[in-house]
There are 2 protein chains.
Amino acid sequence: MIKIVLIGSGNLAQHLIVAFEKAAKHSQKIDLIQVYAREAQKLAHLLPLDKITTSFETLKEADIYILAVSDDAIEAVSSQLPFQDRLVVHTSGAASMDLLDAKNRKGVFYPLQSFTKNKKVNFKKIPICIETQTETDYELVSQLAQSISNQIHAVNSEQRKTLHVAAVFVNNFANHLFAIGEDLCVDNKMPFEILQPLIQETVDKISVLSPREAQTGPASRKDLKTIAAHEALLHNENQLKIYQILTQSIQDNGKKL
Amino acid sequence: MIKIVLIGSGNLAQHLIVAFEKAAKHSQKIDLIQVYAREAQKLAHLLPLDKITTSFETLKEADIYILAVSDDAIEAVSSQLPFQDRLVVHTSGAASMDLLDAKNRKGVFYPLQSFTKNKKVNFKKIPICIETQTETDYELVSQLAQSISNQIHAVNSEQRKTLHVAAVFVNNFANHLFAIGEDLCVDNKMPFEILQPLIQETVDKISVLSPREAQTGPASRKDLKTIAAHEALLHNENQLKIYQILTQSIQDNGKKL
């Protein structure tokens with residue numbers, strides 16, 4: 001039985017509480033014994049109040065302390081913990097493991113997903129990226145991760161930071177392209193729904209082909225006539241600039257401008 | 001019963017043949033009576049040879065002639081058709097309806113989807129964009145479209161050209177961002193699979209939120225520290241340039257650079 005204390009009450013903390021409570025019900029392998037929140041009320045819909053503490057001084061003894069706090073708070077919170085030689089992990093994609101205070105054993109437990117408030121996620125399919133200082137701790141964090149997910153990856157700090165950038169490309173930036181598609185529809189009196197099946201197919205395709213193999217369109221077939229026609233249609237300077245840079249990048253196979 | 005003749009043997013033509021044959025089996029509303037192909041053999045796996053012709057002179061009389069040919073061929077093929085006053089539609093997102101020869105009634109039947117050879121698609125969910133010269137012809141093409149799809153849209157030539165550009169953003173360009181994600185993973189010895197659940201969630205999210213509402217990440221929250229850290233990590237000049245332009249565009253809400 002792995003005893004967990006979770007520190008944080010934000011979006012990720014709340015999703016983790018739901019996942020841990022569900023896993024604890026289905027097996028006896030983990031137990032979320034306590035959660036720290038600055039305002040207990042924020043978690044009252046998820047946990048009985050006696051499981052919530054608002055003071056570091058009353059933190060219980062656990063096998064793993066999970067910091068689900070903002071990147072900027074990791075250093076301060078980890079240094080305020082009133083114990084030592086225990087395993088403390090943060091959940092950030094961007095922060096180095098070394099940000100954690102050296103008085104405790106360090107680790108990272110990074111679920112690679114975009115969490116939206118009130119939108120349920122299937123944790124089983126969320127990759128959890130783990131880093132620790134020792135193999136023994138890796139084994140412990142890995143067991144915890146396996147209780148909620150089927151996708152566990154050993155990922156060091158450098159790799160994790162790269163993943164965090166990659167996530168910006170495939171999530172934030174791809175979503176922005178969808179927003180441009182939405183703008184183009186709305187500005188021309190068409191519903192955005194008309195593009196959704198194409199977006200779904202774009203993603204379905206890369207489950208059978210790699211993105212490089214799946215690349216189609218005027219840029220990849222160097223269809224200069226269509227590219228020129230598209231450029232002439234784009235009256236928004238920003239859209240035009242993005243069109244040109246991504247077209248160039250595809251033509252160059254993404255390797256250089 | 002709407003009698004159809006299809007002209008073309010490429011990727012889209014083959015997907016349409018499958019869809020029309022399936023629809024014809026399930027109802028008596030349409031009948032694909034003939035297909036024109038330069039090489040009959042190319043369609044032998046889909047149709048009995050007596051349904052295929054390699055000569056325009058032997059084209060049968062039909063209610064709708066569908067040109068599933070490349071944009072560059074629309075004008076020439078439509079002018080070679082040895083009849084007049086019949087309804088001829090092309091299937092292109094980029095080509096104007098006016099490219100079709102004036103001796104016949106003109107229309108457009110544009111399925112907005114990315115078709116991959118040998119990958120089945122569910123036509124029911126593919127938006128079909130229709131344009132015609134008269135309401136009577138619209139009704140006819142619309143009935144045909146409804147036999148294979150549940151999403152029918154009246155879209156004029158200008159709107160359709162905009163949709164075609166929008167499709168480049170949400171399909172070709174989004175896929176290129178996935179390819180960059182793949183490069184970042186592979187270059188740092190991680191499997192691309194680690195990003196796939198995030199990509200799936202990116203798309204799932206816009207079925208409940210509009211892309212503008214779904215936008216997250218360092219650019220949208222103007223987290224300059226994380227942006228600077230990401231920029232420092234990107235050693236590929238091309239990736240860096242794309243990162244900066246899309247970050248800027250998100251910060252400006254996609255409206256201007």
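Note: hydrogens, waters and symmetry copies are ignored here, and every other heavy atom, side chains too, is used. Lettering of chains follows the sequences in order, A, B, ..., and the numbering in each one begins at 1.
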With a 4.5 angstrom heavy-atom cut-off, which part of [X] approaches chain B: side chain, backbone, both or neither?
X: A/Ser220; result: neither
X: A/Val168; result: side chain
X: A/Thr226; result: side chain
X: A/Lys225; result: side chain
X: A/Phe192; result: side chain

Out of [options], which one racks up the most heavy-atom pairs below 4.5 Å with chain A?
options: B/Glu158, B/Lys125, B/Glu193, B/Met190; result: B/Met190
options: B/Leu233, B/Ile194, B/Asn122; result: B/Ile194
options: B/Glu201, B/Gln215, B/Gln200; result: B/Gln215
options: B/Leu184, B/Asn171, B/Thr247; result: B/Asn171
options: B/Ala219, B/Ala229, B/Cys185, B/Ala179; result: B/Ala179

- Between A/Ser142 and A/Gln146, do the side chains contain an N or O donor and an N or O acceptor separated by less than 3.5 Å? yes
- Query: Is it the case that B/Ser207 and A/Gln196 place a side-chain donor and acceptor less than 3.5 Å from each other?
  - Reply: no
Best-contacting candidate, [options], against chain B by heavy atom pairs under 4.5 angstrom:
options: A/Thr202, A/Thr162, A/Leu198, A/Ile199; value: A/Leu198
options: A/Pro191, A/Cys129, A/Ser210; value: A/Ser210
options: A/Ser114, A/Ala167, A/Pro211; value: A/Pro211

- Parallel, tilted or perpendicular: which fits the ring planes of B/His230 and B/Tyr243, with parallel below 30° and perpendicular above 60°? perpendicular
- Just do the ring pair (Phe, Tyr, Trp, His ring centres under 6.0 Å) check on B/Phe20 and B/Phe123 with the steps written out, would you? CA-CA 10 Å; B/Phe20 288 142; B/Phe123 245 99; 7.6 Å; no
- Query: Any side-chain heavy atom of B/Ile126 within less than 4.5 Å of one from B/Gln151?
  - Reply: no
- Considering only NZ, NE, NH1 and NH2 on the basic side and carboxylate oxygens on the acidic side, decide whether B/Asp204 and A/Lys119 come within less than 4.0 Å. no
- Message: For B/Asp183, is there an ion pair with A/Arg212 - N to carboxylate O distance below 4.0 angstrom?
- Response: yes
- Task: Walk me through it: do A/His153 and A/Leu112 pass the test side chain to side chain contact (heavy atoms under 4.5 Å, CB included)?
- Result: CA-CA 10 Å; A/His153 298 270; A/Leu112 178 52; over 6 Å; no
